[in-house]
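Scroll down for the structure; my scribbles are underneath it.
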Amino acid sequence: MSNQYEITKVRALEILDSRGNPTLQVEVFTRGGRGLGMVPSGASTGEHEAVELRDGDATRYAGKGVLTAVSNVEKEIAKPLIGLDCREQAKIDEILISIDGTPNKSRLGANAILGVSLAVATAAARCKNQPLYRHLRSQKQYVLPVPMLNIINGAKHAGNQLAIQEFHVMPVGFTDFLEALQAGVEIYHILKEVLVKRYGAAAKNIGDEGGFAPPMTESREAFDAILYSIEEAGYTPEKEIVLAIDAAASEFYTNNRYLIDGHQLTSAELSDYYHRMCKEYPLFSIEDPFSENDFDSFATLTKRVGEQVQVVGDDLFVSNPERIQRGIDIGAGNALLLKVNQIGTLTEAIQAADLAATNQYGVVVSHRSGETEDTFIADLAVALSCGQIKTGAPARSDRTAKYNRLIEIHHELGSNARFAGSSFRFPLTG
Ligand code: PGA
Ligand code: ZN
């Protein structure tokens with residue numbers, strides 16, 4: 001009798017991500033079905049992230065090929081996995097980490113390792129004939145996340161002068177995911193008209209995550225245009241829609257100063273700036289407000305605004321349990337941005353989320369600016385019932401694929417799911 005869960009073959013391909021850069025697709029075959037994992041890729045990456053292995057061969061894709069990582073999957077990783085049970089995610093991830101043998105997955109590549117790790121999980125779900133979220137975590141009741149829709153793109157994701165990388169709307173004042181998403185989408189379309197009126201036709205060009213990339217120079221212009229669009233769309237700011245940003249501040253930090261809105265600010269001045277923005281606008285979530293090694297400034301800002309406002313660590317924590325613990329110890333931030341490819345295995349990513357949640361930190365499951373059509377993170381956000389997902393504007397298939405998967409899950413779960421809504425920070429305890 002053959003075991004349907006037994007891994008029989010592991011295969012990888014070099015495919016393309018949403019920016020047209022090479023990335024990996026990994027397939028894990030079992031007797032009970034095939035699992036698939038596609039690997040995302042960041043642009044404003046944190047310096048402490050696990051290492052994405054690129055070929056560096058300038059004759060192909062300007063050195064960005066991933067054929068070495070593909071070969072690492074097929075020549076080094078595949079063999080030790082053959083015959084293993086695909087439900088044993090933790091054991092398999094442990095094996096991947098030990099074959100690599102480095103602390104940052106630089107030998108085989110975090111991209112090679114993650115592709116396998118995700119494909120093992122989707123193979124197991126397939127074999128069990130269960131939706132992925134249920135395989136990842138079996139629960140009676142799930143929480144559907146508030147979408148953080150990144151509707152204005154700046155910095156490294158756009159060609160404008162905005163220092164802040166992402167301006168989001170979070171539709172919180174709705175009873176279910178569909179209504180919330182609809183509100184976000186309607187605001188997105190009105191914003192397009194508003195931007196064209198204010199800045200000309202080129203303002204509707206979009207950035208890497210599907211949000212508009214208007215020729216603005218100051219953050220206030222973005223906040224004002226979004227606020228106006230919320231009202232024009234017939235929604236109530238704060239009650240129904242709150243604002244969020246990802247400053248990605250490491251990208252505008254040099255020589256101890258932050259260059260934002262034409263000013264060179266110290267971290268204390270930048271903290272004042274955020275404080276003012278939170279007073280003037282319904283801004284309830286700030287990601288990476290300071291550079292990626294400045295735990296102290298994160299802690300100071302969290303102390304100052306953290307009761308009301310979510311302070312999210314992305315490049316600060318890089319989804320790494322050790323760095324998250326360091327943050328918890330001093331109260332740096334009060335939420336984790338969870339990106340599976342920053343740490344490189346599913347098991348470690350879930351550990352990171354659990355560590356954050358058990359220490360009263362919020363958790364936002366997140367895409368990367370370079371994405372694929374893979375919808376794994378939609379299921380992950382539901383499995384964790386974390387209450388928030390950041391997966392771009394409601395435009396371009398690499399982004400809408402995740403929203404569409406959440407729509408499907410909404411219908412599938414019916415009354416076995418509730419929408420996180422305004423308790424997005426602590427969806428399980430309210
Ligand atoms: P990245 O951006 O994927 O380019 O790193 C996303 C983010 O900073 O949250
Ligand atoms: Zn970020």
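Sequential numbering from 1 along the given sequence is applied to the chain's residues. Indexing begins at 1, ligand by ligand and atom by atom, following the structure's order.
- Not a single heavy atom of Ser366 sits under 4.0 Å from any atom of ligand 1.
- At under 3.5 Å, a nitrogen or oxygen of Ala43, whether backbone or side chain, sits near a nitrogen or oxygen of ligand 1.
- Checking Thr302, Val364, Val305, Val242 one by one against Gln310, the side-chain contact (heavy atoms from CB on, under 4.5 Å) holds for a single residue, Val364.
- With respect to atom 6 (C) of ligand 1, the closest heavy atom belonging to the protein is Lys339 NZ, 3.4 Å.
- Under a cutoff of 6.0 Å and an axis angle of 45°, Arg54 and Tyr61 do not form a cation-pi pair.
- Checked against the Zn ion (ligand 2), the N, O or S atom of Asp314 at the shortest distance is OD2.
- Side-chain contact annotation: Tyr273 with Ser219, donor-acceptor N/O pair under 3.5 Å present.
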I would like to know whether Phe223 and Tyr228 meet ring-ring contact (aromatic ring centres under 6.0 Å, His included); could you show each step before the answer? CA-CA 9 Å; Phe223 287 126; Tyr228 181 78; over 10 Å; no
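- The pair Glu280-Arg220 meets the salt-bridge criterion, since a charged nitrogen lies less than 4.0 angstrom from a carboxylate oxygen.
- Nearest N, O or S atom of Asp246 to the Zn ion (ligand 2): atom OD2.
- Looking only at heavy atoms of the protein, atom 8 (O) of ligand 1 is closest to Gln165 NE2, 2.9 Å.
- Using a 4.0 Å cut-off to heavy atoms of Glu287, the atoms of ligand 1 that qualify are 9 (O).
- The distance from the CE atom of Met148 to the CG atom of Leu337 is 8.0 Å, given to the nearest 0.5 Å.
- Checked by atom type and distance alone, the side chain of Ser138 never pairs as donor or acceptor with a backbone atom of Arg134 at under 3.5 Å.
- Each of the atoms 7 (C), 8 (O), 9 (O) of ligand 1 lies under 4.0 Å from some heavy atom of Asp314.
- Ranking the protein heavy atoms by distance from atom 2 (O) of ligand 1 puts His157 CE1, 3.2 Å first.
- Ligand-side atoms of ligand 1 in range of Leu337: 9 (O), range being under 4.0 angstrom from any heavy atom.
- Residue Lys156 does not touch ligand 1, judged by heavy-atom distances below 4.0 Å.
- Residue contact check: Arg368 has heavy atoms under 4.0 Å from atoms 1 (P), 3 (O), 5 (O) of ligand 1.
- Shown are Leu243, Leu283, Leu162; of these, the side-chain contact (heavy atoms from CB on, under 4.5 Å) with Phe167 is made only by Leu162.
- Of the N or O atoms in His367, none lie within a sub-3.5 Å distance of an N or O in ligand 1.
- Only side-chain heavy atoms of Asp246 come within less than 4.0 Å of ligand 1; its backbone N, CA, C and O stay farther off.
- Screening Glu292, Gln165, Arg368 for a side chain to side chain donor-acceptor pair (under 3.5 Å) with Ser44, the sole residue that qualifies is Gln165.
- Using a 4.0 Å cut-off between charged side-chain N and carboxylate O, Asp354 and Arg137 make a salt bridge.
- With a 4.0 Å cut-off on non-hydrogen atoms, Ser369 touches ligand 1 through its backbone as well as its side chain.
- Polar contact with ligand 1: present for Lys390 (N/O pair, distance under 3.5 Å).
- Residue contact annotation: Asp288 places no N/O/S atom under 2.8 Å from the Zn ion (ligand 2).
- The nearest N/O/S atom of Glu287 to the Zn ion (ligand 2) is OE2.
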List the steps, then state whether salt bridge (Lys or Arg N to Asp or Glu O under 4.0 Å) holds for Lys64 with Asp55. CA-CA 6 Å; Lys64 290 187 174 164; Asp55 296 338; over 6 Å; no
